[in-house]
Amino acid sequence: MKFLFQTWDRLLAGPTVPVEPGAVHVYSGPLNPQSEEIEELTSVLSDEEKQRASRFYFEKNRNEFILCRGGLRIFLASYLNIPAPQILFAYTNHKKPYLLDPALKLKFNISHTSGLGAFTFVWNRAIGVDVEAEKQNFKVEEIAERFFSLKEREALHEYPPNQRAAAFYRCWTRKEAYIKARGEGLSHPLAQFDVSLDEKPEQTLLATRPDQAEAGRWILEPFAVPKGFAGAVAVSLSDSWVEK
């Protein structure tokens, strides 16, 4: 599996190269709610998406939604050679979007947080991405006790107190990317698998339960994001995974 990690200057520019079979594209970059692209990106949204955007009370949240959804359409349009407004989406039982036309085998996922967004694309494989901003004074150890596996909690406590927040968010984004790729959301127990908390791990998905072989069917990769953020992408190694 070959990964291409890139940042964007302008969402309207779309991707720089086509997605080849066996390649994973991950784009990340700032979501500027004052962007000059807002109006043009709004124009490619469906009526339903425009209605969703209008329901946001704060302009910042509304514009970040427009940037994410409009940007997604621009990327998909470029990859698939389809006009952006004509792209149709459907949703899994756990609200994960996918392309309605079954003949279109390009899979994708998006994530955004506090002014940072990420898109990822691959042909015919399950995929998930997550980015998170490190929150100040967030009780990371209490949250870890509720959701992390025993091995992850033990690893977190090995870090000095001033490094635990960063380690927590590395763990959280990796776990979130994996369950998003599976299409199950938080219905999948977070303590049922172990990920590495290392900044640059040799292996990120360490163990899965009850099926120990499941860990070998996925690639889980952290990627570089600005200081104060964490990001990770997960992708299945075969096209046999079916999301519901």
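All figures in this text were calculated on a predicted structure; none of them were measured in a lab.
Across all non-hydrogen atoms, the minimal contact from Asp130 to Ser111 is OD1-OG, 3.3 Å. Annotation for Glu49 and Phe65: closest pair O-CE2, 3.4 Å, computed over non-hydrogen atoms. For the pair Leu106 and Leu99, the tightest heavy-atom approach, listed with the atom from each and the gap, is O-CD1, 3.5 Å. Closest of all the heavy-atom pairs between Leu190 and Lys175 is O-NZ, 2.5 Å. Across all non-hydrogen atoms, the minimal contact from Tyr27 to Thr7 is CD2-O, 4.4 Å. The heavy-atom pair separating Lys50 from Thr42 by the smallest distance is CE-O, 3.2 Å.
A donor-acceptor distance shorter than 3.5 angstrom exists from the side chain of Thr173 to the backbone of Tyr169, with no hydrogens or angles considered. A donor-acceptor contact shorter than 3.5 Å links the side chain of Lys105 to the backbone of Pro102. Distance alone, capped at 3.5 Å, places no donor-acceptor pair between the Glu141 side chain and the Ile143 backbone. The closest donor-acceptor contact from the side chain of Arg170 to the backbone of Ala230 lies at 3.5 Å or more, if one exists at all. No side-chain donor-acceptor contact under 3.5 Å links Glu214 to the backbone of Arg209. Of the possible donor and acceptor atoms, none in the side chain of Arg164 sits under 3.5 Å from a partner among the backbone N and O of Val140. Of the possible polar contacts, none joining the Arg125 side chain to the Val235 backbone as a donor-acceptor pair under 3.5 Å is found.
Between Phe223 and Phe5, the ring-plane angle classifies as parallel under the 30° and 60° cut-offs.
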Does the pair Thr204 and Glu221 meet the rule for a side-chain hydrogen bond (donor to acceptor under 3.5 Å, both in side chains), with working shown?
CA-CA 7 Å; Thr204 308; Glu221 284 284 326; 5.5 Å; no
Using the rule given for side-chain hydrogen bond (donor to acceptor under 3.5 Å, both in side chains), can you reason through Arg182 versus Tyr178, listing the C-alpha separation, both sets of side-chain angles and the distance that settles it, and then say yes or no?
CA-CA 6 Å; Arg182 292 175 61 94; Tyr178 175 63; 3.1 Å; yes
Would you please test Lys151 and Glu154 for salt bridge (Lys or Arg N to Asp or Glu O under 4.0 Å) and show each step?
CA-CA 5 Å; Lys151 186 169 184 175; Glu154 292 173 345; over 6 Å; no
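For Ser149 and Glu152, the side-chain atoms include at least one donor-acceptor pair closer than 3.5 Å.
Taking the side chain as every heavy atom from C-beta outward, Leu11 and Phe119 approach each other to under 4.5 Å. By the 4.5 Å heavy-atom criterion applied to side chains, Trp8 and Pro30 are counted as neighbours.
For Asp9, the CG atom counts as loosely surrounded, since its 6.0 Å shell holds 12 or fewer non-hydrogen atoms of other residues, nucleotides or ligands. Residue-environment remark: CD (Gln192) exceeds the threshold of 12 foreign heavy atoms within 6.0 Å. Shown here is Glu145, whose CD atom has more than 12 heavy atoms of other residues, nucleotides or ligands within 6.0 Å.
Here the NZ-OG distance, from Lys107 to Ser236, works out to 9.5 Å after rounding to the nearest 0.5 Å. Ser43 OG to Arg73 CZ: the interatomic distance, rounded to the nearest 0.5 Å, is 10.5 Å. Rounded to the nearest 0.5 Å, atoms CG (Asn61) and CG (Leu31) are 11.5 Å apart. Note: Lys180 NZ to Thr120 OG1 = 10.0 Å, rounded to the nearest 0.5 Å. The structure places CG of Asn124 at 9.5 Å from OG of Ser238, a figure rounded to the nearest 0.5 Å. One finds the CG atom of Asn81 at 12.5 Å from the CG atom of Leu76 (value rounded to the nearest 0.5 Å).
A salt bridge links Arg217 to Asp211: at least one charged side-chain nitrogen sits closer than 4.0 Å to a carboxylate oxygen. Salt-bridge annotation for Arg146 and Glu142: absent, with no side-chain N of the basic residue lying under 4.0 Å from a carboxylate O of the acidic one.
No continuous path of hydrophobic side-chain contacts links Phe108 to Val122 [ILVMFWY only; heavy atoms under 4.5 Å].
Aromatic pair Phe121/Phe75: centroids less than 6.0 angstrom apart.
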